[in-house]
> 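A single structure is presented below for examination.
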Amino acid sequence: MTARRGDTVRDLVVVVGARPNFVKAAPLVSAFARHPNLRTRIVHTGQHYDEAMSRSFLRDLSLPRPDAHLRVGSGTHGLQTGRVMERLEAYLDARHVDRLVVVGDVNSTMGAALTGAKLGIPVDHVEAGLRSGDRSMPEEINRIVTDSVASRFFVSEPSGVRNLLQEGHPRSRIHHVGNVMIDSLVRALPRARARAIWTSLGLSVREYGVVTLHRPANVDDPQRLESIRRALVRVAGRCPLVFPVHPRTAHRLGRLAKGGAVRWTVPLGYLDFLSLLSGSRLVITDSGGIQEETTYLGIPCLTLRSNTERPITVEQGTNTLVGADMTLLERLIEEVLSGAYRRGRRPRLWDGRAAERIARILAGPDLAEDASSPARDPARGRRS
Ligand code: UD1
């Protein structure tokens, strides 16, 4: 594609910070690169920084080197968000930026969105509108705050459109484009399958289950974590389980005996994890993204939460909310193993082309109204 005469170049900054952000940003950055009037820079906040949580993801997803790394690291929510805002503000203040693109619902997403809006830079939120209705989850606060200051909303499922309309956002700024996380999956799946990582664990395809857990509600309460751990050990007697352990969970589990037939591993990179997922019989998780990935792959997903901001995975996909009910978990696992668990279907627009739809909108002529949004007053935000 070549730039037409008169096309104005738009300078975009895409902010990433934590593991799921990298998966969502990668297809966006490559779709933007195919539009000559979009010029993209990446800023990595450094919320995740380990080899396993960050660097291996950047490599597996071929994300270009970030233009800046803000090194915010770990800490309390206030500290992490504050550092993102302080450091991103300095970065944005020193450059010409037309639009700020933020993805998902992590602390870096919210910190970046607030910073952009206060500087009068239109904020594009990818994966906008999702709501669990549960404000005890930090991600729910991040979603609400991010959407309240965003200019454009790129939505992965119809519930997101409904939520944004209910909150009073104009229809003209809401775009149901599909799911960028599925874009990454579609692109990586052939390479991931070819890795057949289950063979290195001595397992056969469709013989085993995968477990991931990292939500504070599940892992920060020792009693809850112990009841989940015991259930996993029982299930592993019927169906081998592989559990790549998130650092937050590893810190908590360290105090509990891991035990049993569960295979506890370090966190895996994107391609290795997708390989593991693609060969599995079932998944037990509390992740948001994995509810979507299993729906796309048609793999039964038992979610250890009592709500989801991604209801389409329950309505159309393969996801069931189990909450903290370990008896229900074990009953559903028997259903899966006996072949009685329901089959799902792939939601509309989860087709690998969501990022391209977003790129076309951001490269197109219809964004002028964003400049007149309330946030676009240059007197606001610069210096108090
Ligand atoms: C964050 C997101 C969550 C997302 C998850 C994916 C928020 C509020 N939460 O949760 O939505 O699903 O990322 O992983 O933004 N740590 C390391 N190495 C790292 C990063 C973290 O060891 O590279 C450890 C630190 O001890 C840290 C803890 O993990 O305190 C939690 O990290 P943090 O980014 O605060 O939250 P996550 O639980 O990863």
Side-chain angles (χ1 to χ4, degrees), residues 15-25 44-61 66 69-85 88 102-115 125-128 130-132 134-146 181 184 210-221 225 243-255 265-270 272-274 277 283 285-294 301 303-305 307-310 313:
V15 179
V16 294
R19 197 164 60 167
N21 287 170
F22 310 133
V23 185
K24 293 165 197 170
H44 188 334
T45 67
Q47 178 175 344
H48 285 174
Y49 43 83
D50 277 356
E51 167 66 25
M53 302 294 286
S54 173
R55 280 190 292 276
S56 82
F57 271 68
L58 303 183
R59 254 193 330 269
D60 279 358
L61 291 156
H69 197 299
L70 307 181
R71 304 195 187 287
V72 304
S74 299
T76 63
H77 289 263
L79 184 132
Q80 216 168 41
T81 311
R83 279 190 184 154
V84 169
M85 292 188 69
L88 184 63
V102 300
V103 297
D105 57 12
V106 303
N107 286 346
S108 298
T109 311
M110 179 186 73
L114 278 176
T115 310
H125 186 201
V126 176
E127 205 183 82
L130 298 182
R131 298 288 181 270
S132 66
D134 175 1
R135 290 197 182 202
S136 71
M137 282 178 74
E139 293 79 5
E140 182 73 352
I141 306 292
N142 293 344
R143 293 180 201 112
I144 293 168
V145 172
T146 302
M181 190 164 236
S184 273
V210 176
V211 183
T212 81
L213 278 182
H214 71 285
R215 296 269 161 233
N218 281 326
V219 306
D220 286 1
D221 170 0
L225 185 58
F243 186 170
V245 186
H246 183 285
R248 173 191 281 279
T249 314
H251 292 156
R252 309 296 190 273
L253 269 173
R255 279 182 257 125
T265 76
V266 292
L268 302 178
Y270 180 66
D272 282 345
F273 185 74
L274 188 55
L277 208 59
V283 173
T285 191
D286 60 8
S287 148
I290 294 172
Q291 295 171 49
E292 299 183 332
E293 290 166 337
T294 46
C301 180
T303 298
L304 300 187
R305 286 175 49 190
N307 53 54
T308 179
E309 61 289 341
R310 294 159 161 94
T313 61

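Both counts, for ligands and for their atoms, begin at 1 and track the order of listing. Since the structure is predicted, the reported quantities are computational estimates derived from the model, not experimental observations.
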> Identify the two heavy atoms, one from L70 and one from V84, that lie closest to each other, and give their separation to 0.1 Å.
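Where L70 meets V84 most closely, the heavy atoms are CD1-O, 4.3 Å.
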
> Starting from atom 6 (C) of ligand 1, what is the nearest protein heavy atom, named by residue and atom, and what distance separates them?
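In this structure, atom 6 (C) of ligand 1 has P20 CD, 3.6 Å as its nearest protein heavy atom.
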
> Between the side chains of H48 and S108, is a donor N or O closer than 3.5 angstrom to an acceptor N or O?
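Not at all, the side chains of H48 and S108 share no donor-acceptor pair under 3.5 Å.
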
> For atom 31 (C) of ligand 1, which of the options R248, R55, M110 provides the nearest non-hydrogen atom?
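Ranked by closest heavy atom to atom 31 (C) of ligand 1, first place is R248.
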
> What's the shortest distance from atom 8 (C) of ligand 1 to any protein heavy atom, and which residue and atom give it?
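The answer is N107 OD1, 3.3 Å.
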
> Starting from atom 2 (C) of ligand 1, what is the nearest protein heavy atom, named by residue and atom, and what distance separates them?
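Result for atom 2 (C) of ligand 1: V106 CG1, 3.7 Å.
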
> Test of understanding: given a 4.0 Å heavy-atom threshold, classify the contact between A52 and ligand 1 as side chain, backbone, both, or neither.
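Under 4.0 Å from ligand 1, A52 contributes no heavy atoms.
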
> Among all protein heavy atoms in this structure, tell me which lies nearest to atom 19 (C) of ligand 1, with the distance rounded to 0.1 Å.
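Atom 19 (C) of ligand 1 sits closest to the protein heavy atom Y49 CZ, 3.5 Å.
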
> Side-chain donor-acceptor pair under 3.5 Å between R305 and N307, yes or no?
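The criterion, which ignores hydrogens and geometry beyond distance, is satisfied for N307 and R305.
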
> Counting N and O atoms only, with roles assigned by atom type, does the side chain of Q80 sit under 3.5 Å from a partner on the main chain of G73, one being a donor and the other an acceptor?
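Checking the backbone N and O of G73 against the side chain of Q80, a donor-acceptor pair under 3.5 Å is found.
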
> Looking only at the side chains, is there a donor atom on one of N142 and D105 sitting less than 3.5 Å from an acceptor on the other?
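Judged by distance alone, the side chains do not pair up.
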
> Under 4.0 Å from any heavy atom of M53, which atoms of ligand 1 are there?
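Listed by number with element, the hits are 14 (O), 19 (C), 23 (O).
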
> Quick one: closest heavy-atom pair of L213 and H246, and the distance?
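Looking at all heavy atoms of both residues, the shortest contact is O-CB, 4.0 Å.
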
> Could you tell me whether the side chains of Y270 and S184 share a donor-acceptor contact shorter than 3.5 Å?
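Checked: Y270/S184 side chains show no N/O donor-acceptor pair below 3.5 Å.
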
> On a heavy-atom basis, which atom in V103 and which in V15 lie closest, and how many Å separate them?
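Closest approach of V103 to V15: CG2-O, 4.3 Å.
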
> Report yes if N142 has an N/O atom closer than 3.5 Å to an N/O atom of ligand 1; otherwise report no.
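Min N/O separation from ligand 1 is not below 3.5 Å for N142.
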
> Please report which non-hydrogen protein atom sits nearest to atom 35 (O) of ligand 1, along with the residue it belongs to and the distance in Å to one decimal place.
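Nearest protein contact, heavy atoms only, for atom 35 (O) of ligand 1 is Q80 NE2, 3.6 Å.
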
> If you have a sec, work out which protein heavy atom is nearest atom 22 (O) of ligand 1 and how many Å separate them, to one decimal?
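Among all protein heavy atoms, the one nearest atom 22 (O) of ligand 1 is P247 CB, 3.3 Å.
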
> So for ligand 1, is E139 a polar contact partner (N or O within less than 3.5 Å, distance only)?
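Among all N and O atoms of E139, at least one is under 3.5 Å from an N or O of ligand 1.
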
> If hydrogens are left out, which of G288, P267, S74 has an atom nearest to atom 21 (C) of ligand 1, that is, the closest non-hydrogen atom?
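It is S74 that holds the nearest heavy atom.
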
> Can we say D50 and R55 salt-bridge, meaning some charged N sits less than 4.0 Å from an Asp/Glu carboxylate O?
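Salt bridge absent between D50 and R55.
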
> Using a 4.0 Å heavy-atom cut-off, which part of H48 comes near ligand 1: side chain, backbone, both, or neither?
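Both the backbone and the side chain of H48 come within reach of ligand 1.
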
> Does S54 come within less than 4.0 Å of ligand 1, judged by its heavy atoms?
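Distance cut 4.0 Å: S54 fails for ligand 1.
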
> Nearest protein heavy atom to atom 5 (C) of ligand 1, by residue and atom, and its distance?
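Heavy-atom neighbour on the protein nearest atom 5 (C) of ligand 1: H214 NE2, 3.6 Å.
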
> Got a salt bridge between R215 and E139, using NZ or NE/NH1/NH2 to carboxylate O under 4.0 Å?
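Salt bridge present between R215 and E139.
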
> Going by the order shown, which atoms of ligand 1 are within less than 4.0 Å of some heavy atom of H77?
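Per the distance check, 8 (C).
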
> Show the nearest heavy-atom pair for residues V72 and R83, with the distance to one decimal.
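Closest approach of V72 to R83, heavy atoms only: O-NH1, 2.8 Å.
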
> Show which atoms of ligand 1 fall inside a sub-4.0 Å distance from at least one heavy-atom site of H251.
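The atoms of ligand 1 under 4.0 Å from a heavy atom of H251 are 26 (O).
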
> Please identify which atoms of ligand 1 are closer than 4.0 Å to at least one heavy atom of H246.
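What qualifies from ligand 1 is 14 (O), 37 (P), 38 (O), 39 (O).
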
